[in-house]
Amino acid sequence: MTPDFSNLRLDFPVLDQHVGGHPLVYLDNAATTHKPRAVIDALARFYERDNSNVHRGLHALSMRATDGYEAARERTTKFINASESAEVVFTSGTTASVNLVAQGWGRDTLKPGDVVVCTEMEHHSNMVPWQIVCQQTGATLRYIPVLGENAEGGLDMAAYDELLLAGNVKLVAFTHISNTLGTINPATEICAKAKAAGALTMVDGAQSAGHENVDVQAMGCDFYAFSGHKMAAPTGIGVLYGRRELMDVMSPWQGGGGMISTVEYEGSKWKPSPERFEAGTPNVADAIGLHAAMDYLDSVGRPAIGRHESELAALAYDALSELPGIRILGPGKGQPRAGLVSFAFEGVHAHDVVTFADQDGVALRGGHHCNQPLMRKLGLPSTTRASFYLYNTPADVDALVASMQRILKFFGVE
Amino acid sequence: MTPDFSNLRLDFPVLDQHVGGHPLVYLDNAATTHKPRAVIDALARFYERDNSNVHRGLHALSMRATDGYEAARERTTKFINASESAEVVFTSGTTASVNLVAQGWGRDTLKPGDVVVCTEMEHHSNMVPWQIVCQQTGATLRYIPVLGENAEGGLDMAAYDELLLAGNVKLVAFTHISNTLGTINPATEICAKAKAAGALTMVDGAQSAGHENVDVQAMGCDFYAFSGHKMAAPTGIGVLYGRRELMDVMSPWQGGGGMISTVEYEGSKWKPSPERFEAGTPNVADAIGLHAAMDYLDSVGRPAIGRHESELAALAYDALSELPGIRILGPGKGQPRAGLVSFAFEGVHAHDVVTFADQDGVALRGGHHCNQPLMRKLGLPSTTRASFYLYNTPADVDALVASMQRILKFFGVE
Amino acid sequence: MSDLTDLYQAVILDHNKRPRNRGKLPQATRVASGDNPTCGDNCTVYLQMDGDRIGKIGFDGSGCAISQASASLMTTQLAGKTLSEAQSEFGEFRDIVTTGKEPEEFSEVAAFAGVHAFPARIKCATLSWHAAIEALKKPDSPVEE
Amino acid sequence: MSDLTDLYQAVILDHNKRPRNRGKLPQATRVASGDNPTCGDNCTVYLQMDGDRIGKIGFDGSGCAISQASASLMTTQLAGKTLSEAQSEFGEFRDIVTTGKEPEEFSEVAAFAGVHAFPARIKCATLSWHAAIEALKKPDSPVEE
Ligand SMILES: Cc1ncc(COP(=O)(O)O)c(C=O)c1O
Ligand SMILES: Cc1ncc(COP(=O)(O)O)c(C=O)c1O
């Protein structure tokens with residue numbers, strides 16, 4: 001009962017256009033994904049029918065907006081299998097979710113001698129907030145190394161064991177799927193080990209939430225963060241999942257309307273989660289758009305989406321590895337790989353590759369992918385990345401490979 | 001050349017509906033405003049044509065998205081007359097903007113003995129962040145009192161002078177227009193006095209930005225914050241204006257992608273403003289929606305909008321003050337008043353009023369309006385608030401007053 | 001307007017205007033408060049126990065007609081009850097306000113059936129009941145001024 | 001593909017493949033670096049002064065074909081120039097890459113006119129020039145290893 005992926009493209013209006021005289025082949029999905037008609041319509045419908053502020057309103061529109069917003073929270077609770085909706089906080093994105101935990105939990109809790117463990121393959125968004133809070137509190141930040149000259153070996157789990165063994169680890173922050181390498185990290189194992197060592201876990205789900213079934217309870221993580229825009233939902237909305245016991249005691253990261261239970265001129269008391277962490281008017285419309293995106297993805301089926309993307313990535317990997325002077329990062333041939341491939345050519349810089357591909361209608365990303373330190377370690381200033389989503393097809397892989405062949409020829413690499 | 005306000009309603013699809021069998025009369029604009037067709041279309045157009053991540057992309061869509069996002073920043077720069085676009089940071093709303101300053105500037109700067117001055121009429125969003133940072137740093141928070149038993153006297157400017165005279169004031173945080181009282185504070189005077197005393201100013205523009213011309217340079221403020229959703233733009237987008245010299249030295253509030261110039265495993269360096277304060281993927285679509293809203297508002301003319309609203313508020317004030325047992329907060333008859341009226345009836349609770357009015361199709365807000373301490377001071381658990389925007393008309397005021405008359409009759413108040 | 005007269009039935013208007021058992025009990029041995037941060041309503045319930053039964057009951061606080069009438073009616077329903085009796089009364093009341101289905105035996109609380117059509121107001125109706133149950137669960141101890 | 005061959009003219013491809021004056025100058029007395037955090041390009045320019053004129057000039061760094069070719073060509077254009085001469089050369093170059101209008105007199109820098117159609121690449125083309133001007137403005141002092 002595999003769904004038919006060949007026509008999903010038709011659900012996404014933006015894909016119906018030409019770039020450089022060629023039909024658009026969008027392979028920049030790890031940066032952001034497109035939105036199906038259903039999501040765009042949900043947004044418009046909200047603004048056309050129910051638009052209102054939430055929570056404190058008793059008139060018809062306000063009640064509808066509140067219901068819509070809280071229904072989005074319930075939907076999200078199911079989407080990641082949280083145990084209750086008080087564990088689901090809406091934020092503006094993964095980055096905000098991580099900062100909320102770093103400041104709301106870390107700043108109160110960490111002290112000199114404490115260790116936060118991160119990985120060498122973290123996105124800046126799950127690394128810099130920990131650098132900042134470690135600097136603020138005197139805690140130490142350590143990294144689980146990646147193995148192999150193209151990072152094909154994934155995380156060094158033996159080194160991880162040693163870091164835990166050394167003690168004082170209070171939190172392990174790691175990405176579920178690397179946006180630079182395509183590596184799928186053993187999240188359940190990492191969480192179990194952290195737990196055994198008495199450390200909490202913060203999982204960066206930016207690249208996993210919309211690509212496979214996520215069950216935060218089965219994964220055993222304490223925090224899980226993701227962004228709507230990377231899973232067919234609008235920009236400006238994201239989620240922080242946090243275990244209830246932690247959310248109940250964490251300090252709010254922002255003060256303001258909606259998160260207080262009493263305010264006096266002298267000081268204030270906070271509401272419980274999730275309100276405590278949602279100061280100010282929430283992004284109601286985009287939460288409702290996120291709801292529509294979750295429905296859309298699950299109507300296709302996330303496990304099937306993940307398989308489809310991995311198949312495309314394997315096709316791309318195999319075809320690209322035939323090209324002269326190419327270096328492909330992350331899992332080797334036949335190894336499990338999420339739906340993206342990062343690579344570098346000897347003698348042609350990623351930005352030239354991307355500019356060239358754009359003229360062929362192929363949208364790629366070139367750069368450090370918000371992972372400068374890993375790039376430095378691998379000795380690469382930048383790579384070119386092709387990343388897939390449910391609307392991509394094997395023909396898109398062909399277009400990618402053909403474009404790469406042309407650029408190599410143009411720059412005289414043979 | 002006053003624009004014709006009688007037909008603007010037609011630009012707002014949401015207003016074309018019935019509630020409780022009556023045409024919707026939406027008077028909850030201080031909580032959130034509706035969006036004109038032009039804004040809803042701008043959002044849809046972005047998702048249908050240009051959707052992409054910004055800044056780090058070199059392909060066609062990414063360049064279009066980047067251009068759109070930066071054009072929104074330029075438009076905002078003009079909208080408030082900032083001197084350059086580096087002074088304009090996009091946030092998720094007023095609340096986030098205030099927290100950014102409280103934590104990014106206040107936490108590094110304030111120390112025991114320092115004083116932050118706030119007003120008794122502040123919204124929780126421009127009060128609680130200062131309570132938090134004062135508690136964190138040992139600084140003291142003081143309030144400029146409001147005068148009169150219905151707060152009709154506005155801020156006690158003599159008390160303000162004394163607070164400044166007492167010394168050590170580092171920042172004055174105040175709202176330009178009160179969402180609870182309708183008071184228009186003398187922003188230029190407050191800023192000038194703060195400056196003379198060596199204090200910075202943080203202006204809460206949530207209720208002013210979309211209602212009158214705002215010129216941050218003429219006002220002389222250091223920071224100015226506002227929310228898109230309160231001025232015909234989408235939810236989830238807001239602005240922080242900050243003077244360049246301050247922005248150049250302020251710490252980032254969030255770490256993550258897009259705000260760093262170099263990241264090493266050991267630590268990171270920040271980009272200049274505005275990027276420094278915009279970690280993570282920004283809310284591109286809603287920034288573009290904000291741009292469309294600014295164009296729409298200025299095509300009508302903000303000074304005319306403000307006059308129109310104030311006229312409606314004056315009509316409402318005069319008619320409501322005839323009702324038995326009513327107490328109206330804020331500026332007295334004939335005094336300058338922004339486009340809203342808050343009131344309380346002897347013997348009928350605000351929530352009953354709002355529920356009742358809703359059945360007449362009139363959307364009002366009842367509660368403490370995120371200003372609990374002021375309510376406590378005035379001895380009111382809550383008030384009912386009617387707030388106007390450009391699409392409201394004198395007929396809406398008539399509907400409001402008729403509904404209030406019916407409820408008083410229903411509850412036997414005569 | 002049928003909806004509204006459903007919501008504000010005569011019983012409710014009457015209890016709102018002339019609340020029963022309003023005020024602090026000077027001899028109270030148990031007390032609990034609840035508030036609804038969303039709208040600012042608050043309610044304090046005072047109990048003077050007679051063994052494991054409520055001897056006297058009073059309430060205090062401010063709120064809308066629904067919450068005031070519900071508190072007043074609650075005091076008349078719970079006087080003389082044990083914790084478990086009170087809990088089952090509350091269960092029935094909650095059924096009425098959330099589903100709108102009227103109780104089998106006639107009771108004044110049936111007046112609250114109209115609340116179910118106004119979900120945002122359900123909390124107003126149950127606030128005082130929550131406080132009463134919470135107070136009942138506490139041990140006896142002198143209540144401070 | 002006309003756009004692309006406009007962008008990657010033969011001159012550019014040639015300078016990219018065989019950069020002139022590449023490498024650190026051992027006797028440099030002024031140095032400045034620039035980087036483009038957006039894409040990770042970086043460039044360091046070394047100057048060995050001859051009075052107020054550039055005696056020798058070299059560059060180092062990594063980046064795309066546009067940035068590498070532009071750095072290489074820049075070194076050939078600025079050798080022997082004073083600060084104010086260099087600034088006016090940079091002004092002309094900037095005009096070319098932002099407007100696409102070719103210079104009146106023939107010059108190799110005309111090859112960069114195609115960049116204007118790719119606004120995201122303009123920074124690539126000007127990075128090394130910024131570094132050179134910055135270095136020129138500094139006082140002489142021994143350059144550390
Ligand atoms: C005066 C004032 N300040 C601040 C805010 C907070 O704005 P937001 O909820 O959009 O962050 C509001 C509105 O809720 C307001 O009226
Ligand atoms: C692995 C990973 N983590 C975090 C982020 C940050 O997400 P956002 O920019 O939506 O906050 C991204 C994407 O940019 C990512 O790929």
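Because only heavy atoms are used, hydrogens play no part in the values below, and waters and symmetry mates are left out as well, while side chains stay in. Reminder, nothing fancy here: chain letters follow the sequence lines and each chain counts from 1. Here the structure is a predicted model, which is why all the values come from computation and not from measurement.
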(request) Report the C-alpha separation of B:Y69 and B:F90 in whole Å, then their side-chain angles, then the decisive distance to 0.1 Å, and conclude whether the ring-ring contact (aromatic ring centres under 6.0 Å, His included) test is met. (result) CA-CA 10 Å; B:Y69 184 65; B:F90 287 121; 5.3 Å; yes
(message) For B:N51, which atoms come within 4.5 Å of any heavy atom of chain A: side chain, backbone, both, or neither?
(response) both
(request) Examine whether an atom of B:A96 lies under 4.5 Å from a heavy atom of chain A, and if so say whether it belongs to the side chain, the backbone or both; otherwise answer neither. (result) both
(request) Side chain from CB out, backbone as N, CA, C, O: work out which of these in A:R64 comes under 4.5 Å of a heavy atom of chain B, or both, or neither. (result) side chain
(request) Measure B:T33 against the heavy atoms of chain A and call it side chain, backbone, both or neither at under 4.5 Å. (result) backbone
(request) Heavy atoms only, distances under 4.5 angstrom: which of A:G280, A:G20, A:G238 has the most pairs with chain B? Name it, please. (result) A:G280
(message) Is A:Y265 close to chain B through its backbone or its side chain, or both, or neither, when contacts mean heavy atoms under 4.5 Å?
(response) both
(message) Testing the 3.5 Å rule here: is there a donor-acceptor pair between the side chains of B:N126 and B:E122?
(response) yes
(message) Under 3.5 Å, is there a donor on one side chain and an acceptor on the other for A:H229 and A:T32?
(response) yes
(message) Looking only at side-chain N and O atoms, does A:Q17 offer a donor or acceptor that is under 3.5 Å from a partner on B:E48?
(response) no
(message) Side chains of A:N29 and A:S387: any donor to acceptor distance under 3.5 Å?
(response) no
(message) Under 4.5 Å from any heavy atom of chain B, what part of A:N283 do you find: side chain, backbone, both or neither?
(response) both
(request) Measure B:W253 against the heavy atoms of chain A and call it side chain, backbone, both or neither at under 4.5 Å. (result) both
(message) Out of A:S227, A:S92, A:S268, return the one with the most heavy atom pairs under 4.5 angstrom to chain B.
(response) A:S268
(message) Looking only at the side chains, is there a donor atom on one of A:D28 and B:H59 sitting less than 3.5 Å from an acceptor on the other?
(response) yes
(request) Select one option (side chain, backbone, both, neither) describing which atoms of B:R45 are under 4.5 Å from chain A's heavy atoms. (result) neither
(request) Among A:G257, A:G256, A:S62, A:C118, single out the residue with the greatest number of heavy-atom pairs under 4.5 Å to chain B. (result) A:G256
(request) Against chain B, work out which of A:L61, A:V354, A:I132 has the most heavy-atom pairs shorter than 4.5 Å and name it. (result) A:L61
(message) Which atoms of B:E266 are under 4.5 Å from chain A, going by heavy atoms: the side chain, the backbone, both sets, or neither?
(response) backbone
(request) Heavy-atom distances under 4.5 Å only: say whether B:V19 touches chain A with side chain, backbone, both or neither. (result) side chain
(message) For chain A, which candidate among B:L364, B:L141, B:L43 shows the most heavy-atom pairs at distances under 4.5 Å?
(response) B:L364
(message) Are the side chains of A:I144 and A:E120 in contact, using a 4.5 Å heavy-atom criterion?
(response) no
(request) Count the heavy-atom pairs under 4.5 Å between each of A:Q254, A:K230, A:K35, A:H123 and chain B, then report the option with the highest count. (result) A:Q254
(request) Please lay out, stage by stage, how B:H124 and B:H368 fare under the test ring-ring contact (aromatic ring centres under 6.0 Å, His included). (result) CA-CA 10 Å; B:H124 295 163; B:H368 53 61; 5.7 Å; yes
(request) Would you mind checking which part of B:V54 comes under 4.5 Å of any heavy atom in chain A, side chain (CB onward), backbone (N, CA, C, O), both or neither? (result) backbone
(message) At a heavy-atom distance under 4.5 Å, which candidate from A:A287, A:A279, A:G93 has the highest pair count against chain B?
(response) A:A279
(request) Would you name the heavy atoms of A:Y26 and A:A363 that are closest together and state the gap between them? (result) CD1-CB, 3.9 Å
(request) Show your reasoning for whether side chain to side chain contact (heavy atoms under 4.5 Å, CB included) applies to B:S382 and B:H349. (result) CA-CA 8 Å; B:S382 56; B:H349 191 276; 3.5 Å; yes
(message) At a 4.5 Å cut-off on heavy atoms, which part of A:F12 comes close to chain B: side chain, backbone, both, or neither?
(response) neither
(message) Is the shortest side-chain heavy-atom distance between B:H369 and B:L374 below 4.5 Å?
(response) no
(message) Only pairs of heavy atoms separated by less than 4.5 Å count here; which of B:T355, B:V133, B:D41, B:T262 has the most with chain A?
(response) B:T262
(message) Need one label for A:R107: side chain, backbone, both or neither, based on atoms under 4.5 Å from any heavy atom in chain B.
(response) side chain
(message) Any heavy-atom pair between the side chains of A:Y143 and A:M127 that's under 4.5 Å?
(response) yes
(message) Taking side chain as everything from C-beta outward and backbone as N, CA, C, O, which of these in A:D16 sits under 4.5 Å from a heavy atom of chain B? Side chain, backbone, both or neither.
(response) neither
(request) Check each atom of B:M63 against the heavy atoms of chain A and say whether the ones under 4.5 Å are side chain, backbone, both or neither. (result) side chain
(request) Could you tell me whether the side chain of B:R37 reaches within less than 4.5 Å of the side chain of B:D11, counting heavy atoms only? (result) no
